[in-house]
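Data first, discussion second: the structure below is written as structure tokens.
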Amino acid sequence: MSLSKADPTVLAMESLTKFLATTAGKDKVAKILQYGGLFVSYHASKKNPKSELAAKAKKIQAAAGAARKVFRLGNSIGDYLKIRQVILAGNVFAPLNLLAFFRSFGLYWYWIFDHLVWLGNTGVAKVDSSKFSFYSSAAWFLGLISSIILDIVALLDSIKKEKELRLKYYRLSPGQDTKELDTQTKANKAKKSELSLNCVKNAADLCIASTLLNIRKFSPGTVGFCGMLSAFIASYQLMPPIQPPK
């Protein structure tokens, strides 16, 4: 391995280190292990019900799932602040504001019930873990539906803006400066890409939530794949960009 500061491998490792230094980063890695374990155990047990690989994968799934509940402690605070922000901004009953409220409201209670499930699983508090797990999934489902609608609306606006920018390029006079349009186009392209990834990520999570609520049951293999897909997208979004030294 090269000792140069500009070595791509070293730069990638530095970016990964920053990612893993965050609780959100650790949570996404644990999510990959959790749903990867479910995916592997399902397909391995289909081939051989007594598969040793399936048994090991289930243990990884359980351990990673338990670890994620610790990483998510306190996440409810962030969504509480978002709920407060929406209310203080006024005009809560405007369609998009109401969706933003339900998104944060759903995620807030998702975290709260998830914390209660963790307290029950650890024996710290006597709670009905299965009941609160169902409540947590219902709140998550509400948050995801609201998020997907908001992202689709924003994505349609971004596509509309993209067409407007193309029209402006077409109307430019020969030799006219395009710097401002280039900046707007680049920003809109990045926003469009982010929103598209959000839609796919939340749709994948919605498959998991709908299965937990028995709204639309998917196989453990499909749920495992959706969980991994969502986690990989979220990891990509959270990963700090690789920046070569100046």
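From a predicted model like this one, the values you see are computed outputs, not experimental measurements.
Under the ring-ring contact (aromatic ring centres under 6.0 Å, His included) criterion, the residue pairs touching residues 26-58 are Phe39-His43, with sequence neighbours excluded. The ring-ring contact (aromatic ring centres under 6.0 Å, His included) pairs that include a residue from residues 138-164 are Tyr110-Trp140, where partners are two or more places apart or lie in different chains. Evaluation of the salt bridge (Lys or Arg N to Asp or Glu O under 4.0 Å) test over residues 210-238, restricted to residues two or more places apart or in two chains, returns none. Applying the ring-ring contact (aromatic ring centres under 6.0 Å, His included) test to every pair with at least one member in residues 168-208, sequence neighbours left out, gives no pairs at all. Annotation: salt bridge (Lys or Arg N to Asp or Glu O under 4.0 Å) contacts involving residues 96-117, sequence neighbours excluded, comprise Lys69-Asp114, Arg72-Asp114.
Partners of Lys192 under the salt bridge (charged side-chain N to carboxylate O under 4.0 Å, His left out) rule, at least two apart in sequence or in another chain, are Glu162. Considering only residues two or more places apart in sequence or on other chains, Lys18 meets the salt bridge (charged side-chain N to carboxylate O under 4.0 Å, His left out) condition with none of them. For Lys31, the salt bridge (charged side-chain N to carboxylate O under 4.0 Å, His left out) partners are Asp205, not counting sequence neighbours. A search for salt bridge (charged side-chain N to carboxylate O under 4.0 Å, His left out) contacts involving Lys82 returns nothing, not counting sequence neighbours. For Val40, the side-chain contact (heavy atoms from CB on, under 4.5 Å) partners are Leu53, Ala57, not counting sequence neighbours. In this structure His115 satisfies the ring-ring contact (aromatic ring centres under 6.0 Å, His included) test with no other residue, sequence neighbours excluded.
Within 6.0 Å of the OH atom in Tyr135, the count of heavy atoms belonging to other residues, nucleotides or ligands does not exceed 12. Open room surrounds CD on Glu180; 12 or fewer heavy atoms of other groups in view lie less than 6.0 Å from it. More than 12 heavy atoms of other shown residues, nucleotides or ligands fall within 6.0 angstrom of atom OH in Tyr108.
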(request) Evaluate side-chain contact (heavy atoms from CB on, under 4.5 Å) for Ile152 paired with Cys199, printing each intermediate quantity in order. (result) CA-CA 7 Å; Ile152 289 174; Cys199 288; 4.0 Å; yes
(request) Output, in order, the C-alpha distance, side-chain angles, deciding distance and verdict of side-chain contact (heavy atoms from CB on, under 4.5 Å) for Glu14 and Thr17. (result) CA-CA 5 Å; Glu14 288 176 350; Thr17 300; 5.6 Å; no
(request) Tell me, with the steps shown, if Gln237 and Asn198 meet side-chain contact (heavy atoms from CB on, under 4.5 Å). (result) CA-CA 9 Å; Gln237 292 174 315; Asn198 284 343; 2.9 Å; yes
(request) Please assess Lys186 against Asp182 for the test side-chain contact (heavy atoms from CB on, under 4.5 Å), listing each intermediate value before the final yes or no. (result) CA-CA 6 Å; Lys186 184 179 179 181; Asp182 290 342; over 6 Å; no
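For the pair Asn75 (side chain) and Trp111 (backbone), a donor-acceptor distance under 3.5 Å is absent. When atom types are taken as modelled, the side chain of Thr211 and the backbone of Phe218 share a donor-acceptor pair closer than 3.5 angstrom. Under a 3.5 Å cut-off, the side chain of Ser146 and the backbone N or O of Gly143 do not form any donor-acceptor pair. Between the side chain of Gln176 and the backbone N or O of Ser173, at least one donor-acceptor pair lies under 3.5 Å. In this structure a side-chain-to-backbone donor-acceptor pair under 3.5 Å is missing from Ser158 to Ala154. With Ser51 contributing its side chain and Lys47 its backbone, the two residues share no donor-acceptor pair below 3.5 Å.
Note that the CD1 atom of Ile208 and the OG1 atom of Thr222 stand 11.0 Å from one another [nearest 0.5 Å]. One distance of note links CG of Leu195 with CG of Asp151; it measures 5.5 Å at 0.5 Å rounding. Going from atom CG of Asn202 over to atom CD1 of Ile149 covers 11.5 Å, rounded to the nearest 0.5 Å. In this structure, Asp128 CG and Ser130 OG are separated by 4.0 Å, a value rounded to the nearest 0.5 Å. Separation of atoms CH2 (Trp118) and OG (Ser129) is listed at 12.0 Å; rounding is to 0.5 Å. The distance from atom CG of Leu81 to atom CD of Gln85, rounded to the nearest 0.5 Å, is 8.5 Å.
No chain of hydrophobic side-chain contacts below 4.5 Å, direct or via other Ile, Leu, Val, Met, Phe, Trp or Tyr residues, connects Leu150 to Ile159. Cluster membership for Leu181 and Leu167, using ILVMFWY side-chain heavy atoms within less than 4.5 angstrom, is not shared. Following chains of ILVMFWY side-chain contacts shorter than 4.5 Å, one can reach Val86 starting from Leu96, so the two form part of one hydrophobic cluster. The cluster map of Ile, Leu, Val, Met, Phe, Trp and Tyr, joined by side-chain heavy atoms under 4.5 Å apart, puts Met239 and Ile32 in different clusters. Cluster membership check: Leu172 shares its hydrophobic cluster with Leu165, using side-chain heavy-atom separations under 4.5 Å among Ile, Leu, Val, Met, Phe, Trp and Tyr.
Between Ala64 and Leu33, the closest heavy-atom pair is CB-CB, 3.9 Å. The two atoms that bring Lys58 and Ser41 nearest to each other are CG-CB, 3.7 Å, heavy atoms only. The nearest pair of heavy atoms linking Ala12 to Ile242 is CA-CD1, 3.9 Å. For the pair Val117 and Ser133, the tightest heavy-atom approach, listed with the atom from each and the gap, is CG2-N, 3.5 Å. Between Ser104 and Asp79, the shortest heavy-atom distance links the atoms O-CB, 3.7 Å. Across all non-hydrogen atoms, the minimal contact from Ser230 to Lys201 is OG-CG, 3.4 Å.
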Return all side-chain donor-acceptor pairs below 3.5 angstrom for residues 19-29, not counting sequence neighbours, or 'none' if the list is empty.
{"unit_1": "Thr22", "atom_1": "OG1", "unit_2": "Phe19", "atom_2": "O", "d": "2.7"}
{"unit_1": "Thr22", "atom_1": "OG1", "unit_2": "Gly25", "atom_2": "N", "d": "2.9"}
{"unit_1": "Lys26", "atom_1": "NZ", "unit_2": "Leu20", "atom_2": "O", "d": "2.5"}
{"unit_1": "Asp27", "atom_1": "OD1", "unit_2": "Arg68", "atom_2": "NE", "d": "2.9"}

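When the options Ile112, Leu119, Leu116 are evaluated for a side chain to side chain contact (heavy atoms under 4.5 Å, CB included) with Phe132, the one that passes is Leu116.
Ring orientation note: the planes of Phe101 and Phe105 are close to parallel, at an angle under 30° on the 30°/60° scale.
Between Gln184 and Lys161, the side chains place no donor N or O within less than 3.5 Å of an acceptor N or O (distance only, hydrogens not considered).
Taking 4.0 Å as the cut-off between side-chain N and carboxylate O, Lys168 and Glu164 do not count as a salt-bridged pair.
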